[in-house]
Protein chains: 4
Amino acid sequence: MSDAETLAERVRAGDLRLHELGEYADHETAAAARRHLLEVETDAELDAVSDFTFDAERASDAHIENMIGGAQIPMGVAGPVQVTGGAADGEYYLPLATTEGALVASVNRGLSVIATANGADARVTKSGMTRAPVFSVSGIAEAEEVVSWVEENTDQLREAAESTTSHGELLAVDPYVVGDSVFLRFVYDTKDAMGMNMATIATREAAEVVEAQTPASLVAVSGNLCSDKKPAAINVVEGRGRSVTADVKIPRETVEERLHTTPEAIEEANTRKNLVGSAKAGSLGFNAHAANVVAAAFLATGQDAAQVVEGSNAITTIEAREDHLYASVSLASLEVGTVGGGTKLATQSEALDVLGLRGGGDPAGTNAEALAEVIAVGALAGELSLLAALASRHLSSAHEDLGR
Amino acid sequence: MSDAETLAERVRAGDLRLHELGEYADHETAAAARRHLLEVETDAELDAVSDFTFDAERASDAHIENMIGGAQIPMGVAGPVQVTGGAADGEYYLPLATTEGALVASVNRGLSVIATANGADARVTKSGMTRAPVFSVSGIAEAEEVVSWVEENTDQLREAAESTTSHGELLAVDPYVVGDSVFLRFVYDTKDAMGMNMATIATREAAEVVEAQTPASLVAVSGNLCSDKKPAAINVVEGRGRSVTADVKIPRETVEERLHTTPEAIEEANTRKNLVGSAKAGSLGFNAHAANVVAAAFLATGQDAAQVVEGSNAITTIEAREDHLYASVSLASLEVGTVGGGTKLATQSEALDVLGLRGGGDPAGTNAEALAEVIAVGALAGELSLLAALASRHLSSAHEDLGR
Amino acid sequence: MSDAETLAERVRAGDLRLHELGEYADHETAAAARRHLLEVETDAELDAVSDFTFDAERASDAHIENMIGGAQIPMGVAGPVQVTGGAADGEYYLPLATTEGALVASVNRGLSVIATANGADARVTKSGMTRAPVFSVSGIAEAEEVVSWVEENTDQLREAAESTTSHGELLAVDPYVVGDSVFLRFVYDTKDAMGMNMATIATREAAEVVEAQTPASLVAVSGNLCSDKKPAAINVVEGRGRSVTADVKIPRETVEERLHTTPEAIEEANTRKNLVGSAKAGSLGFNAHAANVVAAAFLATGQDAAQVVEGSNAITTIEAREDHLYASVSLASLEVGTVGGGTKLATQSEALDVLGLRGGGDPAGTNAEALAEVIAVGALAGELSLLAALASRHLSSAHEDLGR
Amino acid sequence: MSDAETLAERVRAGDLRLHELGEYADHETAAAARRHLLEVETDAELDAVSDFTFDAERASDAHIENMIGGAQIPMGVAGPVQVTGGAADGEYYLPLATTEGALVASVNRGLSVIATANGADARVTKSGMTRAPVFSVSGIAEAEEVVSWVEENTDQLREAAESTTSHGELLAVDPYVVGDSVFLRFVYDTKDAMGMNMATIATREAAEVVEAQTPASLVAVSGNLCSDKKPAAINVVEGRGRSVTADVKIPRETVEERLHTTPEAIEEANTRKNLVGSAKAGSLGFNAHAANVVAAAFLATGQDAAQVVEGSNAITTIEAREDHLYASVSLASLEVGTVGGGTKLATQSEALDVLGLRGGGDPAGTNAEALAEVIAVGALAGELSLLAALASRHLSSAHEDLGR
C-alpha cells in the first residue's frame with residue numbers, strides 16, 4: 001500500500017480529515033491520497049486530474065486547498081494584431097483558454113480584420129482597485145461625524161494603508177452613507193498586481209484607524225460597494241481595476257470583403273441587440289459576448305475567473321460612416337494583473353510570455369495596463385466578428401460546424 | 001527539422017496561416033507547430049502548455065481553434081455534504097478548480113458546518129434555457145401583428161424548433177416590443193445539456209418560420225434579451241438555465257463553536273453588506289462571493305466560464321432565530337450541463353464522476369438539476385464561511401496566511 | 001370668533017387633534033380651522049390655498065386627510081394631433097399641468113411636426129396591473145410545495161380575487177422564490193381603472209386562501225415585486241399598467257424645415273445620449289425626458305403623481321433613413337385610468353373631457369388604453385422636440401427664454 | 001362675442017395658432033380663448049380649470065405655454081414633528097398635495113409616532129446639481145487627450161461656468177469615456193435653487209470652452225449621465241441634488257402601543273419586502289413608498305414633479321433592537337429648491353411658508369437643505385406607517401376605508 005493509499009485509509013477511518021493531509025505528507029502525496037479516497041468513495045477514476053505540470057507545493061501554498069490535481073482547459077491563440085495603446089505598443093498574440101468551440105476562430109477572424117485596418121487603438125482611461133468596508137454607527141448624526149473625520153484625515157488612513165504594502169498607493173477614500181451604515185470605498189493603485197489582496201490587507205489596516213479614532217465599528221472589510229464579483233452599477237459607472245477602451249476604423253471595402261456584410265448592417269445589429277435589447281433586458285452589459293473573450297483570456301493568463309462577472313461590464317458602439325465602420329468596446333471594470341495570483345502558475349506564466357507581459361512592467365503598472373489594452377482589443381475583435389456573423393446570419397451554422 | 005517546425009516556418013514565410021495548420025497535419029502536430037512559431041516570434045517557452053492530457057483531435061473539433069495546448073488550473077475538493085434536493089440526494093464531494101487561495105478551504109469549512117447540521121436542502125424552482133432573437137418590423141402597428149401571429153402560432157414555432165433537436169422541448173415564446181424591434185424570448189427544456197447551442201439552432205429554425213409567415217425580418221438570432229453572458233435583470237427576474245435555492249438551519253451552538261461568532265453577527269454582516277451595500281451599489285448580486293464558488297465549480301466540471309457572469313445573480317439571506325441560524329442562497333440563473341460542451345474533456349468528466357453526475361440523468365435532466373443543487377449548496381457554504389469570517393474579522397488574515 | 005377659529009383654538013389647547021376636526025365640523029370648515037391653526041403657528045398666510053374649486057367633502061372622503069385646501073399647477077394644452085392607436089383614433093388635444101417653462105412649447109412643437117407627418121401610430125402591447133405579496137415559509141422545500149399548490153389552484157385564487165371586484169379579472173399569478181420568501185405576482189385586467197386599490201384588495205383576499213390552504217404566512221400584501229413607485233427592472237421587462245409604444249415617420253424635409261436639423265443629427269444625439277449615455281449611467285430609462293410629459297399629463301388628468309417613477313421606464317429609438325426619420329417611444333409601465341382615483345376631481349375630469357376620455361370606455365378598458373396611447377404620442381413629441389433642440393444646440397437658450 | 005371668443009374663432013379659422021394667442025392679448029384672455037376653442041372642439045366644459053389664483057402673466061412667462069388655466073390637487077398637512085438636522089432645527093408641519101386617499105393620514109401617523117420619540121435626526125450627506133454633456137471625438141486616443149485637458153484646465157471651465165450665475169459654484173467635473181463619446185459630469189452647488197437651469201446654462205458655457213480648446217464636439221448638453229428624470233444608478237451611487245438621510249429610534253413600547261406591532265415584525269417586513277423583494281425585482285428603490293411622500297411634498301412646495309423619478313431612489317433600513325426600533329430612510333437624489341421654479345406660484349409659496357422655508361436661506365443653501373431634511377423625515381414617517389400597517393395586515397382595509 002502506497003503512502004497515499006495509507007493516508008486515504010486513515011481519512012476513511014475518520015482518523016484524519018481531508019484538509020489535514022498536507023500536514024502528514026508532501027502536497028503531491030496528499031493530493032494522491034485525496035484522489036485515492038475519492039476513487040474509493042465514488043466511481044471516479046482520476047487519471048487525467050493527476051496529470052498536472054504546475055508545482056504542487058507552490059499551488060498548495062498559494063492557490064488551492066485539498067488539492068487533488070489540475071483541471072485542463074484547451075488553449076488556443078489569436079492574432080497577431082497591432083495594438084497602439086497607452087502601454088501596449090506593437091504586435092501581440094492573444095492566448096485564449098476555452099471550451100467553447102468557435103470562440104477562438106471568431107476572435108481570430110476579428111483580429112485579422114483589425115490587423116488589415118492597421119490595428120486598433122486602446123487606452124486605459126481610469127485605474128484603481130477598490131475595497132469598501134462597511135462600518136456601523138449609532139445613527140445619521142454620527143455617520144456625518146465619521147465621514148467628516150475621514151475627509152479630514154485621509155493622510156492618516158493613507159499612512160496606515162500603505163504601511164502594509166511596498167507597491168500599492170492609496171488614491172482616494174470615497175464615503176457613502178445609508179442610515180447607520182458608513183461605507184468607505186478605498187481606491188488603490190496596485191501597479192502590475194490585480195491587487196485585491198493588497199487592497200484588502202491595506203484597507204483592513206486603515207479600518208482599524210477609523211475604528212480607533214471614531215465611534216464607527218467595522219462590520220465587514222468588504223461592504224459590497226467595492227464591488228467584487230457581483231454585477232454592480234458602481235463598477236459600470238466608477239470603474240474597478242482598469243477602465244479600458246479599444247477602437248478601430250475599418251474601411252468599408254474591408255467590411256464587405258472580409259466580413260461579408262456592410263457597416264450599416266453591423267450598426268443595425270449593434271443598435272437593436274446590444275443597445276436596445278440590453279436596455280429592455282435591464283442589463284449592465286451592452287455588448288454581444290465580451291465576457292467570452294475576457295473569460296478565455298483570464299483563464300489563459302492566470303486572472304481570477306470569478307472576476308469575469310465585472311469584466312462583462314462592457315459597452316460596444318458601432319457607427320457606419322461614409323467610408324468606414326467605427327467600432328469600439330469600453331470595458332468599465334477589467335481587473336487584471338501580471339504579477340501575483342494565478343499568473344505564476346506554469347501554463348499561465350507561459351501564456352503571459354507569449355504576450356511579452358509576464359511579471360512587473362517598467363515603469364510599474366505598465367504590464368497590467370498593456371494586458372488590459374490587449375484584452376480589450378481581443379474583445380473588440382470578438383464583437384466585430386459576432387456582430388458581422390449575426391448580420392450575415394451565420395451564428396447558428398458556425399456553431400453547427402465548429403461547436404459540435 | 002520536425003514536421004511541426006517545418007509547418008511553423010511556412011507560417012512565418014507567409015505561406016500558411018495559423019488556422020490553416022489543421023489542414024496540413026494532425027491537430028497534435030499543428031499545435032506543436034503553433035507553439036514553435038510562438039516560441040520563435042516571442043520569448044515564450046511553451047513546455048507546460050504542451051503537456052496536456054485531453055485528446056487533441058476532439059478538443060480541436062469541439063472546443064478550440066488554433067490550439068496550442070492546455071491551461072492548467074489547480075483542482076481541489078470540498079465536502080462531503082448531504083444534499084436533499086429535488087434531484088440531488090445523498091452525500092456529495094464538490095470538485096473546485098481555482099487559483100484563489102483560501103477559497104476551497106472556505107467552502108470546505110462551510111460544507112463541514114452544513115454537514116454538522118444534517119446537510120442542506122436545495123431545489124430548482126425554475127428551469128429553461130433561452131434564446132431571444134430580435135426582428136425588425138416597419139413600425140409598432142406591424143409589431144403588434146407579428147406578436148399576435150406568434151401568440152396564435154406557437155405550435156408552428158414549436159414544431160420548427162423541435163425538429164432540430166432530439167432532446168430539447170420548447171416551453172414558451174415570450175414577446176417583447178420596443179419601437180420597431182420585436183424580441184421573442186424562446187424558452188427550452190434542454191434536459192442535461194446546458195443547452196445554448198441547442199437553443200440557438202432551434203431558435204434559428206423557428207425564426208425562419210416567423211420570417212416566412214410574417215413581415216418581420218431577423219436582425220440577430222440573439223437580441224440580448226436571452227440574456228447570455230451579460231449581467232441583466234431579466235435573468236435575475238425570470239431566470240435562465242436553472243433557478244436554484246439552497247438553504248440550511250444551523251443550530252446556534254454550532255455557529256458559536258464552529259464559526260466562532262453568533263447568528264446575530266452573521267445576520268448583521270449579511271444585511272449591511274449583502275443587502276444594503278449591494279442596494280447602494282446598484283447591484284444585481286446580493287451575495288458575498290457566490291461567483292467564486294460558481295466559477296470554481298464551472299471550471300472543474302466543464303461548464304462555460306463566461307456564464308459565471310449570470311451565475312453571480314444570487315441573493316443570500318440570513319436570519320438569526322432563537323435557536324438557530326437560517327441561511328439561504330438563491331441563484332437565479334445558473335446554467336449547467338452534464339452532457340455536451342466542456343463536460344467531455346478528460347479532467348472535467350473525471351470531476352463529474354466525483355459528483356456521480358457525468359452524462360445524462362435518469363430521467364433526463366436530473367443530472368444537470370442535481371449539479372445545480374450541489375453547486376448551490378457549495379455557494380451557500382461559501383457565503384456562510386465568508387460572512388462568518390467577516391463577522392469574526394478574519395478575512396484579511398486568512399488571505400495573508402493562505403492567499404500568498 | 002368663527003367656527004373655524006374656535007376649532008383651531010381647541011387644537012392649540014391640546015383639546016383636539018388636527019385629524020379629528022372632520023368629526024366636529026364639515027370638511028370645508030375643518031380645512032379652514034387647520035389653515036387658521038397653521039397661520040397662527042407659522043408665519044404663513046393661506047389665501048391661495050383656501051381658494052379651491054373641488055368639492056371638499058368628496059376630496060376628504062377619497063383623496064386627502066387633514067385637508068387645508070388645494071395646490072394649483074398651471075395647465076396648458078398641446079396639439080391637436082392625429083393618433084392611430086389600438087383604442088385611440090382621431091385628433092387629440094393633450095392637457096399638461098407643469099411648472100417647467102418650455103415643456104408645453106416643446107411638446108406642442110413635437111406634436112405639430114408629428115401632425116405634419118399625418119400623426120403617429122400607437123399600440124398598447126401589454127396590459128396588467130400587478131400586486132405581489134410576499135409570504136414566509138419554513139424553507140426552500142416548503143417554498144416549492146407552496147408554488148406547486150399555487151400553480152395547481154390558480155382557479156381558486158381567481159375566484160377569491162374576483163369576488164372582491166365587479167370589473168377586475170385575474171390574468172396570472174407568477175411565483176418567485178428567494179430562500180424562505182415566496183412572492184406571488186398577481187396580474188389583473190382592471191379595465192379603465194388604474195387599478196392599484198382593486199388589485200390590492202383582490203390580492204388580499206386571494207392571499208388569505210393561500211394562507212388557509214398552504215403553510216405560507218403573509219408578510220406583506222406588497223412584496224416589492226409589484227413593483228409600485230420604485231424604479232425596478234421587473235417593470236421594464238414585464239410591464240405594469242400599460243406597455244405602450246408610439247412611433248412616427250417624419251419626412252426628411254420636414255425634419256430639416258421644421259426642426260432645423262437632420263435625421264442623422266437626431267439619430268446621433270439619441271444614440272450617444274439616450275442609448276450609450278444611459279447605458280453608462282446604469283439607467284433603466286433610455287430617453288431624454290419622457291418623465292416630463294408623463295408627469296404633466298398625469299397631473300392634468302388625475303393620475304397618481306408618484307407613478308411617474310415607473311412611467312419614466314421608456315426607451316426612445318431613432319433611425320435616420322433615406323427619406324425619413326423613424327422615431328419611437330416605448331413606455332414599459334404606464335399606469336393610467338379614466339375612472340377612480342384623482343380622475344373625479346373637478347379640474348382633472350375637465351381635462352379628461354378635453355381628451356374625450358372621461359369615465360369608462362366602451363368596451364371597458366378602451367378609454368384608459370386610449371389615454372395611454374395619447375400620452376405615449378405626447379412623450380414621443382417631447383423626445384423629438386428635445387432631441388432636435390439638442391441637435392441644434394438650443395436647449396440652454398430655450399430655457400433662458402422660457403424657463404425664467 | 002368676447003375678445004376671447006373672437007380669438008378662438010381666429011384659431012379655428014386657421015388664422016392664428018394656439019401658441020400665438022399670447023401675442024394678441026394678455027395671458028388671461030389668451031387662456032380664455034384657448035378654453036373656448038377646446039370647449040367648441042371637444043365636449044369639455046372648463047369651468048374649474050378657469051378658476052385659478054396664480055398670476056396668469058407670471059405663469060405664462062415662467063411655467064407654462066398655451067395656458068388654459070390650472071389643475072388643482074387637494075392639499076393636506078401632516079405633523080408637527082421635531083427635526084434635528086444639519087439645517088433644519090425645530091418643529092415642522094409638512095404640507096402634502098395628493099389624490100391618494102390614506103397617504104396624508106399614513107404620514108401623519110408616522111410623524112406622530114416619531115414626535116413621541118422626540119423627533120428625528122436628518123442630515124444632507126452630499127449635495128450637488130449635475131449636468132453631463134456628451135461630446136464626440138475621433139476615437140479613444142483623442143478621448144484621452146480631451147479628458148487630460150479637462151483635468152488640467154478645470155479652472156478655466158469653472159470661470160466660464162460661473163460667469164453665467166451669481167450664486168452657483170462649480171464643484172467638480174467628472175469625466176467618463178465610452179468609445180468616441182466623452183461625458184463630462186459637471187457638479188454644482190446651486191444653493192437654495194434646485195438648480196437644473198442654472199447648471200444647464202453654466203455647463204453650456206463651459207462646453208463652449210471645451211469645444212474651443214479641444215477637438216471635442218458637443219453633441220448634447222445633457223448626455224444622460226446627469227441623470228435627470230431617469231431611474232439611473234449613477235444617481236443612486238453618486239447622488240444628485242441632495243443625498244439626505246433621516247432616522248429615528250422608537251421605544252419598543254411605543255411601537256407596540258401606537259403601531260400595534262413589534263419591532264421584529266416591522267424589521268421582517270422591511271427585510272423581505274424592501275430589501276429582498278427589491279433585490280429580486282432588479283430595483284434601484286429599496287423602500288415601501290418613499291415616492292408617495294416625495295411626490296406629495298413636491299406638488300405642495302413647487303418642486304419639479306418629474307424629478308419624483310430620482311426622488312424614489314431611497315433605501316429604508318429597520319433594525320429591531322432590545323429596547324427600540326431603529327429606522328432610517330436614505331434618499332440618494334432628492335432635488336429640491338426654495339427659490340425659482342414652481343416655488344414662486346401662489347399656493348406653493350404659501351406651502352413653503354408653512355414650513356418656514358420660502359426663499360433663500362441664511363446662509364445660502366440652508367433653506368433647500370432644511371427642506372430636503374424635512375421631506376426625508378416625512379418619507380421616514382411614511383415608511384414606518386406603511387411597514388407597520390403591512391406588519392399588522394391593515395393595508396387593504398385602510399385603503400378600503402380611506403381610498404374609495
Side-chain angles (χ1 to χ4, degrees), chain A residues 84-86 120-126 136-145 147-148 174-182 185 225 227 231-239 243-249 281-284 286 314-319 326-330 332 373 376 380, chain D residues 84-86 120-126 136-145 147-148 174-182 185 225 227 232-239 243-249 281-284 286 314-319 326-332 373 376 380:
Chain A
T84 306
D121 281 344
R123 289 292 187 284
V124 169
T125 56
K126 204 167 182 179
S136 68
V137 292
S138 70
I140 182 61
E142 196 171 283
E144 192 195 35
E145 292 167 30
V147 168
S148 292
D174 297 321
Y176 299 89
V177 176
V178 182
D180 62 350
S181 292
V182 175
R185 196 175 192 244
L225 267 85
S227 181
I234 198 170
N235 292 340
V236 171
V237 173
E238 297 305 335
S243 299
V244 59
T245 298
D247 66 7
V248 67
K249 288 170 186 150
S283 187
L284 295 170
F286 293 75
I315 302 175
T316 298
T317 74
I318 299 282
E319 194 178 333
Y326 174 81
S328 77
V329 174
S330 299
E373 292 172 339
L380 178 63
Chain D
T84 305
D121 281 343
R123 288 292 185 285
V124 169
T125 56
K126 204 167 182 179
S136 68
V137 292
S138 69
I140 182 60
E142 196 171 281
E144 191 195 36
E145 292 167 31
V147 168
S148 293
D174 298 320
Y176 299 89
V177 176
V178 182
D180 62 351
S181 293
V182 175
R185 196 177 192 242
L225 267 83
S227 179
I234 198 170
N235 292 340
V236 171
V237 172
E238 297 306 335
S243 300
V244 58
T245 298
D247 67 6
V248 67
K249 288 171 186 151
S283 188
L284 295 171
F286 293 75
I315 302 175
T316 299
T317 75
I318 299 282
E319 193 178 334
Y326 174 82
S328 77
V329 173
S330 298
L331 298 127
E373 291 173 340
L380 178 63

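Owing to the predicted nature of the structure, the values given are computational and were not obtained by experimental measurement. As a basis for the values below, the full set of heavy atoms in this structure was taken, side chains included, without hydrogen atoms, waters or symmetry mates. By convention in this document, chain letters (A, B, ...) are assigned in the order of the sequence lines, proteins followed by strands, and residues within each chain are numbered from 1.
Under the 3.5 Å distance criterion, the side-chain polar atoms of A:Arg185 are left unmatched by any main-chain donor or acceptor of A:Tyr176. The main-chain N or O of A:Gly179 is never found under 3.5 Å from a side-chain atom of D:Asp247 such that the two would form a donor-acceptor pair.
Proximity to chain A is absent for every atom of D:Asp174, based on heavy atoms less than 4.5 angstrom apart. Heavy atoms closer than 4.5 Å to chain A are found in the backbone of D:Ala122, but not in its side chain. In this structure, chain D has heavy atoms under 4.5 Å from both the backbone and the side chain of A:Val178.
Between the side chains of A:Ser328 and A:Thr317, at least one donor-acceptor pair of N or O atoms lies under 3.5 Å.
Considering all non-hydrogen atoms of both residues, A:Ser227 and A:Asn235 come closest at O-ND2, 2.7 Å. Across all non-hydrogen atoms, the minimal contact from A:Thr84 to A:Arg123 is O-NH1, 3.3 Å.
Interface check for chain D: of the options A:Asp180, A:Leu284, A:Ile315, A:Val237, the most heavy-atom pairs under 4.5 Å are formed by A:Asp180. Contacts with chain A were tallied for D:Thr125, D:Thr245, D:Val329, D:Ile140; D:Ile140 has the most, counting heavy-atom pairs under 4.5 Å.
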